[in-house]
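Just below is one structure, and these are the notes that go with it.
Only heavy atoms go into these numbers, but all of them, side chains included; no hydrogens, no water, no symmetry mates.
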Amino acid sequence: MVKLNGSSRPGPSGLSLHLRGHVFLFGKRPPSAYGSSAGTRLLLAAIVLEAGRLGAVNWLYPRVPLSILIPLLLVAALLSIRFVVGLKLSQIGFHPWREWSAIEKSYFIQLLVIANVVFPTVFAARLRTILAQPSVLWTVWSVFVPYLFFGFYQEVVYRGMLQSELIRRWGAFTGILVSNALYTFGPLHSYYFSSRASFAIPMFASIFAIGLFFGVLFRRSGNLWIAAVMHGIGNAYIVGSLASSAVSGPGP
C-alpha cells in the first residue's frame, strides 16, 4: 500500500512506485465531468484554434517571429478553454502540483532527467555546432523556446481538448485512436504529404507512435502537464537542433 494524495492506494506487488509510471500504473484519477454542450464547444474551439494557427502561419509568419507567434497561440488555446468553452484548466488535465500523486511526481522527474540526457546525447554534434556560434542566445530564443511552446500547444489541442471530448463521446479506445489519427494525418503534419513516399511513411509512422504514447499516457494519468512538458522538450531538441540559427524547417 502506498499513500497518495492523502489516501492509500494499492500498487502491484513488488513494483516500486518509481517504476509504476513507466507501465502507466498511476492509480485512478476521477475523470472530469462536463456536459455535452461544453463538449461541443471544446471540439469547435479545437477546430477554430487549428484554423487560426494555419492562418497565422500563412499570413503572419515570418513577419511575426515564432518566438511571439507560438506563445500567442498557446495563450489563445488556454483562454478559449477557460472563457469560451467554460471549463477549468484542471478539467482538461492541468492539475496543480499539490494534487499530483507520488507516482506522477516521480515519473515526471525521471522523464525530465532522461530527456535532458538522451536528447543532448543523440544531437550532440549538432548542439555543439549551435553552441559554438556567436548567435547561440538568439538561436535558443528564436528556435528552441518557440518549439518547446509548440509541443505544449499540440498537447493542449489534440490531447487535452480533442482526445478528452472524443473519449467522453466514444470511449477510450476509439477516442484515443481517432484523436491520434487527426494529430498524425491532419493539418498539423500535412506538409509530409508532399514528401517522397520513402520519407513520408516512416515519418507518419513515428508521429503516430509518439502521439499514441502521449495519448495513452494522458488517459492513464489524467495529467496533461506530463505529456505537454515532455512533448515540448522533445520538440525543442529535435526541431531546434535541426533548425540552426534561423527557422529553416517547416513552419508550425
Side-chain donor or acceptor of [X] paired with backbone N/O of [Y] under 3.5 Å:
| X | Y | result |
| --- | --- | --- |
| Gln110 | His18 | yes |
| Ser164 | Met161 | no |
| Ser135 | Trp138 | no |
| Ser241 | Ile238 | yes |
| Arg29 | Asn223 | no |
| Thr121 | Val117 | yes |
| Ser179 | Ile176 | yes |
| Arg20 | Phe26 | no |
| Asn235 | Tyr147 | yes |

Are [X] and [Y] grouped together when hydrophobic residues (ILVMFWY) are joined by side-chain heavy atoms under 4.5 angstrom apart?
| X | Y | result |
| --- | --- | --- |
| Val84 | Ile81 | no |
| Phe173 | Phe208 | yes |
| Leu17 | Trp97 | yes |
| Val48 | Phe150 | no |
| Leu148 | Val57 | no |

Enter the distance from [X]:[atom1] to [Y]:[atom2] here, rounded to the nearest 0.5 Å.
| X | Y | atom1 | atom2 | answer |
| --- | --- | --- | --- | --- |
| Leu73 | Ile68 | CG | CD1 | 12.0 Å |
| Glu155 | Leu162 | CD | CG | 11.5 Å |
| Arg220 | Ile103 | CZ | CD1 | 10.5 Å |
| Ile130 | Phe123 | CD1 | CZ | 10.0 Å |
| Ile70 | Gln154 | CD1 | CD | 9.0 Å |
| His189 | Leu182 | NE2 | CG | 12.5 Å |

Of the non-hydrogen atoms in [X] and [Y], which two are nearest, and what is the gap between them?
| X | Y | answer |
| --- | --- | --- |
| Tyr61 | Val64 | CD1-O, 3.8 Å |
| Leu49 | Tyr153 | O-OH, 3.4 Å |
| Phe108 | Trp225 | CE1-O, 4.4 Å |
| Leu188 | Arg53 | CA-NH2, 3.5 Å |
| Leu54 | Pro187 | CD1-CB, 3.7 Å |
| Phe152 | Leu74 | CD2-CD1, 3.8 Å |

task = Please assess Trp100 against Ile226 for the test side-chain contact (heavy atoms from CB on, under 4.5 Å), listing each intermediate value before the final yes or no.
result = CA-CA 11 Å; Trp100 291 28; Ile226 300 176; 4.1 Å; yes

With a 4.5 Å cut-off on side-chain heavy atoms, are [Y] and [X] touching?
| X | Y | answer |
| --- | --- | --- |
| Phe214 | Phe218 | no |
| Val143 | Leu66 | no |
| Leu69 | Pro146 | no |
| Gln163 | Tyr183 | no |

key: Listed partners of His22 passing ring pair (Phe, Tyr, Trp, His ring centres under 6.0 Å), at least two apart   = Tyr107

note = Hits for ring pair (Phe, Tyr, Trp, His ring centres under 6.0 Å) against Tyr34, two or more places apart or cross-chain, chain-then-number order -> none

Ignoring hydrogens and angles, write down the donor-acceptor pairs under 3.5 Å from the side chains of residues 37-47, residues two or more places apart or on other chains.
from, atom 1, to, atom 2, distance (Å)
Thr40, OG1, Ser36, O, 3.1
Thr40, OG1, Arg169, NH2, 3.2
Arg41, NE, Val85, O, 3.1
Arg41, NH2, Val85, O, 2.8

inquiry  = If we count only N and O atoms by modelled type, under 3.5 Å, do the side chains of Asn180 and Tyr158 hold a donor and an acceptor together?
reply    =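 Per modelled atom types, Asn180 and Tyr158 side chains form no pair under 3.5 Å.
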
ask   = Is the count of non-hydrogen atoms from other residues, nucleotides or ligands lying under 6.0 Å from Phe149 atom CZ greater than 12?
value =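 No, not enclosed.
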
task = May I have the step-by-step check of side-chain contact (heavy atoms from CB on, under 4.5 Å) for Val145 and Ser67, ending in yes or no?
result = CA-CA 7 Å; Val145 171; Ser67 56; over 6 Å; no

key: Between Phe185 and Phe204, ring centroids under 6.0 Å   = yes

request  = May I have all residue pairs that pass side-chain hydrogen bond (donor to acceptor under 3.5 Å, both in side chains) and include part of residues 203-215, sequence neighbours excluded?
outcome  = none

task = Run through the side-chain heavy atoms of Ile, Leu, Val, Met, Phe, Trp and Tyr, join any pair under 4.5 Å, and report what else lands in Val75's cluster.
result =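 Direct or chained contacts put Val75 with Leu79, Phe83.
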
task = Report the C-alpha distance between Leu112 and Ile233 in whole Å, list the side-chain angles of each, state the deciding distance to 0.1 Å, and finish with yes or no for side-chain contact (heavy atoms from CB on, under 4.5 Å).
result = CA-CA 9 Å; Leu112 281 179; Ile233 290 174; 3.5 Å; yes

Contacts under 3.5 angstrom, residues 86-95 side chains, donor-acceptor by atom type, not counting sequence neighbours:
from, atom 1, to, atom 2, distance (Å)
Gln91, OE1, Lys88, N, 2.9
Gln91, NE2, Ala33, O, 3.2
His95, NE2, Gly222, O, 3.2

inquiry  = Ring of Phe24, cation from Arg219 - is the NZ or CZ under 6.0 Å from the centre and inside 45° of the axis?
reply    = no

